[in-house]
Amino acid sequence: MLDIELIRRKPDFVKERLSTRDRELPKLIDDVLELDSRKRKILTELESLRAERNRKSKEIGFYRKEGRDTQALEEEVRKLKLKIEKLEEEFSDIEERLKEVLLRIPNLPHESVPVGENEEDNVEIRRWGEPPEFMFKPRPHWEIGEKLGILDFAKGAKLSGSRFTVVRGMGARLERALVNFMLDLHREKGYQEVIPPHLVRPEVLIGTGQLPKFEEDLYRCERDNLYLIPTAEVPLTNLYRGEILKEEDLPIYLTAYTPCYRREAGSHGKDIRGIIRQHQFNKVELVKIVHPDTSYSELESLTADAEEVLKLLNLPYRVVELCTGDLGFSASKTYDIEVWFPSQNKYREISSCSNCEDFQARRMKTRFKDSSGKNRFVHTLNGSGLAVGRTLAAILENYQREDGTVEVPEVLRDYVKADIISPT
RNA sequence: GGAGAGGUGGCCGAGUGGCCGAAGGCGGCCGCUUGCUAAGCGGCAGAGGGUCAAAAGCCCUCCGAGGGUUCGAAUCCCUCCCUCUCCGCCA
């Protein structure tokens with residue numbers, strides 16, 4: 001959520017920033033300004049009426065003790081009460097509408113973010129590793145996986161429909177090995193390992209920004225009014241919702257492995273084959289809750305921590321800075337890490353590392369008491385470290401051999417207890 | 001699922017209709033004192049918001065959430081949520 005104070009003080013600045021995301025957004029700021037000024041006008045009136053009521057009610061108490069008659073006063077207060085109730089209704093109506101608009105406005109892009117409309121305007125920051133040269137035509141991961149008997153698309157569809165896959169045998173072991181490898185690595189870097197709930201309340205999703213705007217993308221258990229998490233970012237970031245932390249508690253580094261559940265509404269036809277885009281996929285997530293002064297350097301180190309996974313796996317990648325038009329709802333600044341896919345001859349997203357500044361903190365009411373005793377919102381960051389299914393796919397493609405077998409990356413061999421994946 | 005207990009400030013905890021936004025304790029901060037990190041004494045401090053150029057001040061809201069009763073609710077009533085204990089079920 002944006003700071004209403006900022007919107008009031010610098011509406012043009014806010015509009016300018018938002019317009020770099022989407023030209024339609026500044027209109028919403030006008031709505032906010034409108035509703036906010038009406039809200040405050042009513043509030044002022046409401047408060048003076050309430051003050052009057054409180055004062056007179058107290059007087060009644062005193063007079064009664066002295067045995068005086070208070071009927072006339074009581075009647076006055078009764079009348080006041082009616083007025084107050086009417087105004088209160090008006091007030092909460094406007095407040096509700098204001099909140100509704102505010103919750104649907106995305107975060108302001110940081111000034112350093114390149115302005116652009118979509119993916120094409122993203123800026124490559126750096127590359128690491130060399131795409132492997134093959135003496136044969138590299139196969140896509142779904143072919144490799146099916147041939148090896150480790151990716152079973154037919155069974156996935158039978159059980160659950162499209163975008164569900166059964167991973168078997170060495171594939172399952174490799175995936176589990178990846179999870180352990182990633183968690184171990186991050187734990188060594190100072191992240192606390194967490195196992196969060198996979199089902200969360202709506203407020204929690206409002207906190208990180210998935211609701212109210214992206215309801216369509218979520219799986220919901222209606223009976224219990226709980227949602228399946230689309231990413232561990234949601235429960236991890238919300239761990240401190242509503243709390244006032246001590247300054248010395250910061251920074252907090254968290255990591256978790258969870259499945260992620262996404263309806264993928266509106267992505268029909270994209271990445272139909274393979275395991276790049278699934279309704280359920282595993283991910284190791286990194287979350288940081290930090291002091292506002294440090295959030296941008298923390299973003300760099302968080303991105304580096306995610307990159308480290310690819311370096312150790314020896315998978316070629318590049319880091320891309322998202323332009324304003326491609327930025328996610330809650331993010332001020334985002335680096336995407338894209339891994340090389342030989343069969344597609346291009347880099348594909350495998351991690352997204354964002355600084356949300358105080359956008360989520362304001363929604364969650366997560367604050368800390370600073371050295372001067374003032375309560376301030378924390379900054380929150382998140383990034384994949386990494387998407388496990390996509391990492392598996394990248395390994396299959398980059399480590400494939402002409403005979404259809406796949407070499408196991410060096411660092412995983414102790415985990416999987418095998419050097420080569422061959423058909424079972 | 002059944003029965004019971006309970007949800008108050010960073011934490012513990014008192015408070016059953018009106019100077020209660022809340023005693024007391026712990027913890028915190030600031031002084032002072034004592035030749036040491038200890039102890040003692042005094043003081044300060046809940047959160048959010050409105051008004052104001054700003055500060056002060058004044059005012060409003062908040063005692064799990066939402067309704068209700070009342071001139072007046074942390075206190076009474078209703079609904080919901082959550083936590084705990086016992087029983088049942090269960091990996």
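To find a chain, count down the sequence lines: A is the first, B the second, and so on, and within it residues start at 1. Source: prediction; values computed, not measured.
Between Lys246(A) and G27(B) there is no side-chain polar atom (N or O) within less than 4.0 angstrom of OP1 or OP2. Phosphate contact (OP1/OP2 of U61(B), side-chain N/O of Asn54(A), threshold under 4.0 Å): present.
Using a cutoff of 4.0 Å between basic side-chain nitrogens and carboxylate oxygens, Glu95(A) and Lys99(A) are not scored as salt-bridged. At a threshold of 4.0 Å, the pair Glu143(A)-Lys147(A) does not count as salt-bridged, since none of the basic side-chain nitrogens sits closer than that to a carboxylate oxygen.
Within 4.0 Å of Arg55(A), counting heavy atoms only, lies no atom of the nucleic acid at all. Contacts of Arg68(A) with the nucleic acid, taken as non-hydrogen atoms under 4.0 Å apart, are absent.
For the side chain to side chain donor-acceptor pair (under 3.5 Å) test, no residue two or more places apart in sequence or in another chain qualifies with Thr324(A). With sequence neighbours excluded, the residues satisfying ring-ring contact (aromatic ring centres under 6.0 Å, His included) with Tyr253(A) are Tyr191(A). Every ring-ring contact (aromatic ring centres under 6.0 Å, His included) that Phe329(A) has, sequence neighbours left out, goes to Phe214(A), Phe359(A). Applying the ring-ring contact (aromatic ring centres under 6.0 Å, His included) criterion to Phe164(A), with sequence neighbours excluded, gives His279(A).
If you take atom P in C84(B) and the same atom in C32(B), they sit 47 Å apart, rounded to whole Å. Nucleotides A74(B) and C20(B) are separated by 9 Å at their C1' atoms, to the nearest Å. A47(B) and C29(B) are spaced 16 Å apart, taking the P atom of each and rounding to whole Å. A39(B) and C58(B) have their P atoms separated by 37 Å, with the value rounded to a whole Å. Between G15(B) and G7(B), the two P atoms lie 11 Å apart (nearest whole Å). Spacing of C1' atoms, G9(B) relative to C62(B), comes out at 11 Å, to the nearest Å. Only the P atoms considered, C30(B) is 13 Å distant from A38(B), to the nearest whole Å.
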Could you spell out the base pairing of RNA chain B in dot-bracket, with Watson-Crick or G-U pairs whose two distances are under 3.5 Å, [ ] crossing and | to another strand?
((((((((.[[[..)..(.....]]].(((((.......))))).((((((.....)))))).[[[[[..)....]]]]])))))))....
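Side-chain proximity of Arg367(A) to G48(B), C60(B), G10(B): nearest is G48(B).
Less than 4.0 Å separates RNA chain B from at least one heavy atom of each of the following residues of residues 33-44 of chain A: Arg40(A), Leu43(A), Thr44(A).
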Can you give the donor-acceptor pairs under 3.5 Å from side chains of residues 350-358 of chain A to other protein atoms, not counting sequence neighbours?
residue, atom, partner, partner atom, Å
Ser351(A), OG, Ser384(A), O, 2.7
Ser352(A), OG, Asp336(A), OD1, 2.8
Ser354(A), OG, Thr334(A), OG1, 2.8
Asn355(A), OD1, Glu357(A), N, 2.8
Asn355(A), ND2, Ser295(A), OG, 2.9
Glu357(A), OE2, Tyr296(A), OH, 2.4
Asp358(A), OD1, Arg362(A), NH1, 3.3
Asp358(A), OD2, Arg362(A), NH1, 3.2
Asp358(A), OD2, Arg362(A), NH2, 3.4

Sequence neighbours left out, cut at 3.5 Å: what donor-acceptor pairs do the side chains of residues 389-401 of chain A make with other protein atoms?
residue, atom, partner, partner atom, Å
Arg390(A), NE, Ile276(A), O, 2.8
Arg390(A), NH1, Glu349(A), O, 2.8
Arg390(A), NH2, Ile276(A), O, 2.9
Thr391(A), OG1, Ala387(A), O, 2.6
Glu397(A), OE1, Ser343(A), N, 3.1
Glu397(A), OE1, Ser343(A), OG, 3.0
Glu397(A), OE2, His141(A), N, 2.7
Glu397(A), OE2, His141(A), ND1, 3.2
Glu397(A), OE2, Ser343(A), OG, 3.0
Asn398(A), ND2, Trp340(A), O, 2.8
Asn398(A), ND2, Ala394(A), O, 2.8
Tyr399(A), OH, Leu313(A), O, 2.4
Gln400(A), OE1, Arg139(A), N, 3.0
Gln400(A), NE2, Arg139(A), O, 3.0
Gln400(A), NE2, Glu397(A), O, 2.9
Arg401(A), NE, Thr405(A), OG1, 3.2
Arg401(A), NH2, Thr405(A), OG1, 3.4

Atom pairs and distances, donor-acceptor, side-chain atoms in residues 84-92 of chain A, under 3.5 Å, two or more places apart:
residue, atom, partner, partner atom, Å
Glu88(A), OE2, Arg50(A), NH1, 2.7
Ser92(A), OG, Glu88(A), O, 3.2
Ser92(A), OG, Glu89(A), O, 3.2

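With hydrogens and angles left out, the side chain of Glu243(A) and the base of G10(B) share no donor-acceptor pair within 3.5 Å.
For the ring pair (Phe, Tyr, Trp, His ring centres under 6.0 Å) condition, the pairs that include at least one residue of residues 368-391 of chain A, sequence neighbours left out, are His291(A)-Phe368(A). Residue pairs meeting the side chain to side chain donor-acceptor pair (under 3.5 Å) criterion with at least one member in residues 167-180 of chain A, sequence neighbours excluded: Asp152(A)-Arg168(A), Glu175(A)-Asn282(A).
For Arg201(A) and Glu5(A), each mapped to the nucleotide of RNA chain B holding its nearest heavy atom, the one lying further toward the 5' end belongs to Glu5(A).
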Collect all protein-nucleotide pairs involving nucleotides 67-77 of chain B in which both atoms are nitrogen or oxygen and the distance is under 3.5 Å.
residue, atom, partner, partner atom, Å
C71(B), OP1, Arg78(A), NH1, 2.7
C71(B), OP2, Arg78(A), NH1, 3.4
C71(B), O2', Ser57(A), OG, 3.0
C71(B), N4, Arg64(A), NH1, 2.7
C71(B), N4, Arg64(A), NH2, 3.3
G72(B), O4', Ser57(A), OG, 3.3

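Between Tyr261(A) and His198(A), the angle of the ring planes lies from 30° to 60°, which puts this pair in the tilted group.
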